[in-house]
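Only one structure is covered here, and it is reproduced in the block below.
Labels below follow one simple rule: chain letters A, B, ... track the order of the sequence lines, proteins then strands, and each chain is numbered from 1.
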Number of protein chains: 2
Amino acid sequence: MKIGELARRSGVKVETVRYYEREGLLPEPARSEGNYRLYREAHAERLDFIRHCRALDMTLDEIRALLACQDDPDQPCEEADALIEAHLGHVEQRIAQLSRLKAELEGLRRRCAGQGKVGECGILNELSQPVDPPATLEHAHVGGVHPRR
Amino acid sequence: MKIGELARRSGVKVETVRYYEREGLLPEPARSEGNYRLYREAHAERLDFIRHCRALDMTLDEIRALLACQDDPDQPCEEADALIEAHLGHVEQRIAQLSRLKAELEGLRRRCAGQGKVGECGILNELSQPVDPPATLEHAHVGGVHPRR
DNA sequence: TGACACCCTGTAGTCACTATAGGGTCAAGG
DNA sequence: CCTTGACCCTATAGTGACTACAGGGTGTCA
C-alpha cells in the first residue's frame with residue numbers, strides 16, 4: 001500500500017502521514033525500487049490509533065506515551081490509564097471554562113440595543129473593562145475556541 | 001508609563017505588548033529620549049479591551065474588527081453585534097464537541113480493568129479502532145483541548 | 001564605578017499540521 | 001517512442017498567538 005492509499009483509508013492528508021513519520025509516531029516503512037513508501041496493515045492500524053487519539057484531542061506527546069505502552073504489552077496499564085484520566089480532567093476544565101465564556105457572551109449580547117451607533121453600544125463599552133486576573137486560560141492544557149484544522 | 005508598568009497593570013507580558021503593536025492592535029506610542037515607549041491611559045484602556053476579548057477567546061482578527069468599529073463611533077453597531085453572535089456560536093459548537101469527547105473518554109476509562117497488563121487493557125484496544133469521518137474538529141473555529149499560554 | 005532593573009531590536013521556537021517549490025516514478029493512451 | 005497525468009519524493013516555509021533568547025542600551029542607586 002502506498003502513502004496515498006493509506007492516507008485515504010485513515011482519512012488524513014499524505015503530508016500528515018509523512019509528518020507523523022518524522023515525529024516518530026509511525027515507523028519508517030519499507031521502500032519500493034522507485035523510493036516510494038510501502039505500508040502494511042500494521043501501519044494502518046497504528047495510524048487509526050493515532051487519529052482516534054487526536055479526535056479525542058490528545059497531544060502528540062500524550063499519544064507517543066500511549067504508543068510506548070502499546071509497544072510493551074507486558075507492562076501494567078496504569079500509565080495509560082492515568083493518562084486518559086488526566087486528559088479527561090483537562091477536557092472537563094475546558095468545558096467549564098467555555099461555559100463561563102458563553103455566559104459572558106450572552107450577557108454582552110443583551111447589552112446591545114440593536115439599532116444604535118457604536119458609540120452607545122453596550123457591547124463595546126463593556127469590553128473596555130479590565131479583566132480580573134484568572135480570566136485567561138493559563139495552563140489549562142485544553143485549547144482555545146479556534147482550532148486550525 | 002513605560003512598557004513594564006503597562007504590562008503589569010493589564011496582566012500581560014512585555015513581549016506581548018510589543019507583539020500587539022507589531023500586529024497593529026495597539027498604536028505606536030511616543031518615545032522618550034532614551035527610546036523607551038511611553039504610554040497613556042488610552043493605551044491601557046485599549047489593552048484591557050484586547051485582553052478582555054482574548055479572555056473570551058476571540059482571535060486577533062476578530063478583535064481587530066471590533067477595534068475598527070470602536071474607532072469609528074458613528075457607525076451602526078451591527079457589525080460588532082454580528083461578530084459577537086458568530087463567536088458565541090463557535091463557543092457553543094466547541095462545548096458540544098468537548099461534551100462528546102468527554103463521554104467517549106469516560107467510556108474508555110470504564111474499559112480498563114485496572115490491574116491488568118497493557119495487552120488486555122480495553123483502553124488501548126479500543127483506541128485502535130478507526131474513527132468515523134466527522135470525528136475530527138474540521139472548521140469548527142473553536143480550539144482544541146490544549147492551549148499554548 | 002559597578003551593580004542592577006529595566007528597556008531596545010531582531011530572530012527563532014512552540015504545536016500540529018498545511019502548503020509550496022522543484023523535482024522523480026509509473027501506467028495508460030496516442 | 002512519447003506524452004500526459006496521477007502519484008510520489010525531499011526540503012522549506014507558513015499558520016496563530018504568543019514566548020524566549022541574544023546582544024545590546026538606559027537609568028538609578030550606593
Side-chain angles (χ1 to χ4, degrees), chain A residues 1-26 28-39 47 50-64 67 90 136-149, chain B residues 1-26 28-39 47 50-65 90 136-149:
Chain A
M1 176 170 35
K2 283 184 284 178
I3 197 170
E5 193 187 336
L6 177 71
R8 251 190 319 281
R9 277 186 41 174
S10 297
V12 303
K13 303 223 158 135
V14 164
E15 293 90 342
T16 306
V17 176
R18 287 195 285 247
Y19 171 70
Y20 288 159
E21 183 183 320
R22 276 201 306 284
E23 289 297 301
L25 298 173
L26 274 179
E28 292 186 28
R31 296 283 184 138
S32 75
E33 275 194 24
N35 199 31
Y36 288 7
R37 287 171 181 82
L38 295 179
Y39 293 98
L47 184 51
I50 296 169
R51 290 316 290 180
H52 200 144
C53 291
R54 283 294 297 140
L56 292 172
D57 233 336
M58 296 182 199
T59 63
L60 296 194
D61 270 350
E62 288 171 325
I63 300 171
R64 240 185 298 267
L67 284 169
H90 300 147
T136 37
L137 293 181
E138 286 165 16
H139 26 260
H141 167 80
V142 176
V145 176
H146 309 269
R148 16 168 161 31
R149 311 170 223 262
Chain B
M1 180 172 26
K2 284 183 284 178
I3 197 169
E5 193 187 335
L6 177 71
R8 252 189 319 279
R9 276 186 41 175
S10 295
V12 303
K13 303 223 158 134
V14 165
E15 292 91 340
T16 306
V17 176
R18 287 196 284 247
Y19 171 71
Y20 288 159
E21 183 183 320
R22 275 202 305 285
E23 290 296 302
L25 297 173
L26 274 178
E28 292 186 28
R31 297 281 185 139
S32 74
E33 276 195 22
N35 199 32
Y36 288 7
R37 287 170 179 84
L38 295 179
Y39 294 97
L47 184 51
I50 296 170
R51 291 315 290 178
H52 201 143
C53 291
R54 283 294 296 138
L56 294 172
D57 234 335
M58 297 181 197
T59 63
L60 296 193
D61 271 352
E62 287 171 326
I63 299 171
R64 241 184 297 267
H90 300 147
T136 37
L137 293 179
E138 286 167 15
H139 26 259
H141 167 80
V142 175
V145 175
H146 308 270
R148 24 231 111 8
R149 309 171 224 267

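Annotation: of the two residues near DNA chain D, B:Glu33 and B:Arg64, the 5′-most nearest-nucleotide partner is B:Arg64.
The side chain of A:Tyr20 contributes no N or O atom lying less than 4.0 Å from OP1 or OP2 of C:dA16. OP1 or OP2 of C:dC8 sits under 4.0 Å from a side-chain N or O of B:Arg18. Dashed line: the shortest gap from a side-chain N or O of B:Lys13 to OP1 or OP2 of D:dA20 is under 4.0 Å. Close to C:dT18, at under 4.0 Å from its OP1 or OP2, lies a side-chain N or O of A:Thr16. The shortest distance between the side-chain N/O atoms of A:Arg37 and the OP1/OP2 oxygens of D:dC7 is not below 4.0 Å. OP1 or OP2 of D:dC18 lies within a sub-4.0 Å distance of a side-chain N or O belonging to B:Arg51.
You'll find the side chain of B:Val14 stays beyond 4.5 Å of the side chain of B:Arg37, heavy atoms only. The side-chain heavy atoms of B:Val17 and B:Tyr39, taken from C-beta on, include a pair separated by under 4.5 Å. Looking at heavy atoms from C-beta onward, A:Leu60 lies in side-chain contact with A:Arg54 at the 4.5 angstrom threshold. Side-chain contact between B:Glu21 and B:Pro29 is present, with heavy atoms from C-beta onward closer than 4.5 Å.
Looking at the side chain of A:Glu15, the nearest of the listed nucleotides D:dC8, C:dT18, D:dA20 is C:dT18. The side chain of A:Tyr19 approaches C:dC17 more closely than any other nucleotide in the set D:dA17, C:dC17, C:dC7.
Atom-to-atom, CG of B:Asp57 to P of D:dG16 comes out at 15 Å; the value is rounded to the nearest Å. Straight-line distance from the CZ atom of A:Arg54 to the P atom of C:dC15: 12 Å, rounded to whole Å. Here the P atom of nucleotide C:dC8 and the CD atom of B:Glu28 are 12 Å apart, to the nearest Å. The distance from atom CD of A:Glu5 to atom C1' of C:dC26 is 16 Å, rounded to the nearest whole Å. Between B:Asn35 atom CG and C:dG10 atom C1' there is a gap of 14 Å when expressed in whole angstrom units. For the pair B:Arg22 CZ and C:dG10 C1', the computed distance is 9 Å after rounding to whole Å. Taking atom CG on A:Leu6 and atom C1' on D:dC9, their separation rounds to 16 Å, with Å as the unit. Between the CG atom of A:Leu38 and the P atom of C:dC26 there is a distance of 10 Å, given to the nearest Å.
If you check every strand for non-hydrogen atoms under 4.0 Å, A:Arg31 touches sugar and phosphate atoms only.
Side chain of A:Ser32 to main chain of A:Gly34: a donor-acceptor pair is present (N/O by atom type, distance under 3.5 Å, no hydrogens or angles).
Side-chain atoms of B:Tyr36 come within donor-acceptor range of the base of D:dT26, with a qualifying N/O pair under 3.5 Å.
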